[in-house]
Amino acid sequence: MAKSHETEHPVKAFGLAATDSSGHLSPFKFSRRATGDDDVQFKVLYCGICHTDLHYLKNEWGVTQYPLVPGHEIVGVVTEVGKKVEKVKVGDRVGVGCMVGSCRSCESCKEDLENYCPKIIPTYAAPYHDGTITYGGYSDIMVADEHFIVRIPENMPLDAAAPLLCAGITTYSPMRYFGLDKPGMHIGVVGLGGLGHVAVKFAKAFGCKVTVISTSISKKDEALSHLGADSFLISKDADEMQGAVGTMDGIIDTVSAHHALMPLIGLLKAHGKLIMLGAPDKPLELPVFPLLAGRKMISGSGIGGMKETQEMIDFAAKHNIKADIELISADYVNTALERLTKADVKYRFVIDVANTLQQS
Amino acid sequence: MAEFKQKAFGLAATDTSGVLSPFHFSRSTYHYVNVKINRDRENGDDDVTIKILYCGVCHSDLHSVKNDWGLTQYPIVPGHEISGVVTKIGNNVEKFKVGDRVGVGVLVNSCRTCDVCQQDLESYCPKMIFTYNSTDKDGTTTYGGYSDTVIVDQHFVLRFPENVPSDAGAPLLCAGITVYSPMKYYGMTEAGKHLGVAGLGGLGHVAVKLGKAFGLKVTVISTSPRKKEEAINKLGADAFVVSTDAADLTAATGTMDFIIDTIAAVHSLAPLLSLLKMNGKLVTVGLPDKPLDLPIFPLVSGRKMIGGSDFGGIKETQEMLDFCGKHGIAADIELIRADEINAAMERLAKSDVRYRFVIDIGNSISNL
């Protein structure tokens, strides 16, 4: 007889799950595996709400298996460690991001780029090594292989650190890899949401000049006075965009909705780089001429490897970078997801799991 | 402003049918704007006069005579793969002497002072002046190599190495540099890596030869199965993928470190992106007249990249010619007479050439 979610594993767990593509979350009893020799078990304190959670909840990519417990910006405190674990001990502050497993032997894994492993195991909605489905951080307890755990330094508030585990690494990794991290460079950030606002902070910490490109004039004030951006362009304002043509060394594009690439390519200096982080579900139009005429480049990037995720967290701690969050209680989560579809959040919801996720 | 004129003779298109016909026009001489215009000489102090022997027929010539890009000013004399011999040099010219075998490519001038010009990247200068269909610094129109002579500032004249023939070497001045430059810039020169060449025409066939000279494994990606045999036996490609064949594509998925995309028509990028390994690079050098569809997912999930490149700076063009000389690389050409140009352009529109037409200017232009 097939095991139920509650009896699949020996450790009781409780969380929020969706059971169909309405994406509506409701209380869900399930179980976690016992803490293996290489595993770290931790009590979840906070979990960020990533737009990817929304894509999965509504099965927008057609890959979702229900019941789905989302959440891959998970932070908490270690409660148990396996025999072979050396990285952390009970009581340490830790986090888990978008992946909990990879093959550990392919070229990508050997280069600390587990995120490009063809056998990557996402933190939720995927089959783990033991065949069971992974459940994410909208839950009270989490177990993960030590390799996929990051340590959170003492001086970082855990709630505001959570979003760095996806939004943070997803923007930090390409800025480093594509060399868009040199002092004095001019970096554009398209879209001022969870990823965008963190990208602005990293870019400023790298010593870059930052221009935010957005469709919402309402975000201008905060972008300049609170986030520290140097300037702000309304992408639909042709004059503003024209004034900035050929001025940027790189552009980090966080927008996942369908949008025009041509004006963004125009903003780049010759040899400039446009890095796509949002993944629109239909192809975008690529005008080839401007790419050639300026020897410009378009690439993409997805999260980051474990080594660089730890490096990013340490960098953020050193430069006092954290996400700007709206802390919510577990019973607000469906409303929060509704607001997220309308981009109505500054700039990431974080669920106060430990204090509000309770079995009734 | 008076100009001193030197009569020249060439082939020009006068309307968008693109049909070329004989046309007399004047070569003007010019000088840098910050130096007095020398009215007493035919050839300026920094200039070189070249008797044209051969001129390659580039697909850009076809786009231009048909005004595909909406930039053409008629009458237009195309041709930017020019080879010939020096017949006259200006007082300041030390690089060349009369009788030298030389060439001229896509540019005849640039601002010479901006950042990119200072870095020997004249092809990215916002004020660059094309060999044809451009306005030169003295306000006159530039006319290209489908003609008997050209006068060019010495900085933009290339020397032909000993063993680069003038006829088969002419296409290197555009096709050659256009693939050589991005292959160097995007790091496609690491021996042992796997390069895909999409499109086997003027640019593509040179990319295959350069790829082999760099020590790469080379796979040709084409829609024409009939090109396979020559690609492998004559050009030296290691493999051939028919891009419209699903089985071929699947077998080659995720195997290439780089792809040079030379296809001039609108085409699908998704199959090409699928052929790249993780972190792979697709560099596009063809100029379709409409935007292409770019799927973003493969870029994000595979950290793949699509970049562009135009032709290349002068220093790099000379480096490319010297490299070709050292490795015995030249284009595979079909030599035509000047009066055959219209028929050649029609065949070019159907990709019916292996792999570049070259006009035998020296022997046929005066017969028009």
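Chain letters run A, B, ... following the sequence lines, proteins first, then strands; residues in each count from 1. The figures that follow rest on heavy atoms only: side chains count, while hydrogens, waters and symmetry mates do not.
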Is any side-chain heavy atom of A:Val288 less than 4.5 Å from a side-chain heavy atom of B:Pro288?
-> yes

Most chain A-contacting option - heavy-atom pairs closer than 4.5 Å, from B:Val285, B:Ile296, B:Ile306 = B:Ile306

If you draw the axis of the six-membered ring of A:Tyr177, does the NZ or CZ of B:Arg303 fall within 45° of it and under 6.0 Å from the ring centre?
-> yes

Who among A:Met262, A:Met276, A:Glu107, A:Lys273 has the most heavy-atom pairs with chain B under 4.5 Å?
-> A:Met276

Relative to chain A, which segment of B:Leu121 carries a heavy atom at a distance below 4.5 Å: side chain, backbone, both, or neither?
-> side chain

Does B:Ser309 use its side chain to pair, donor to acceptor, with the backbone of A:Leu292 at less than 3.5 Å?
-> no

B:Asp293 atom CG, over 12 foreign heavy atoms within 6.0 Å | yes

What do you reckon, is CD of A:Glu240 surrounded by more than 12 foreign heavy atoms closer than 6.0 Å?
-> yes

Nearest 0.5 Å, what's the CG-CG distance between A:Leu113 and B:Asn279?
-> 7.0 Å

Say you draw a straight line from NZ of B:Lys277 to OG of A:Ser108; how long is it, rounded to the nearest 0.5 Å?
-> 11.0 Å

Near A:Lys182 NZ, under 6.0 Å, is it more than 12 heavy atoms from other residues, nucleotides or ligands?
-> yes

Considering only heavy atoms, which portion of A:Ile120 lies under 4.5 Å from any heavy atom of chain B: side chain, backbone, both, or neither?
-> neither

Side chain, backbone, both or neither: which part of B:Ser301 has a heavy atom under 4.5 Å from chain A?
-> backbone

Verify the neighbour count for atom CD of A:Glu60: are there more than 12 heavy atoms of other residues, nucleotides or ligands below 6.0 Å?
-> yes

What part of A:Leu261 gets closer than 4.5 Å to chain B, counting heavy atoms only: side chain, backbone, both or neither?
-> side chain

Part of B:Phe311 within contact of chain A (heavy atom distance under 4.5 Å) = neither

Do B:Leu294 and A:Ile298 pass the side-chain contact (heavy atoms from CB on, under 4.5 Å) test, and can you show the C-alpha distance, the side-chain angles, and the key distance before you say yes or no?
-> CA-CA 10 Å; B:Leu294 176 67; A:Ile298 303 182; 4.1 Å; yes

Would you please classify the geometry between the B:Trp69 ring and the A:Phe289 ring as parallel, tilted or perpendicular, with 30° and 60° separating the classes?
-> perpendicular

Taking every heavy-atom pair that is under 4.5 Å apart, which of A:Arg295, A:His271, A:Glu285, A:Lys296 has the most such pairs with chain B?
-> A:Arg295

Under 4.5 Å from a heavy atom of chain B, the part of A:Leu277 involved | backbone

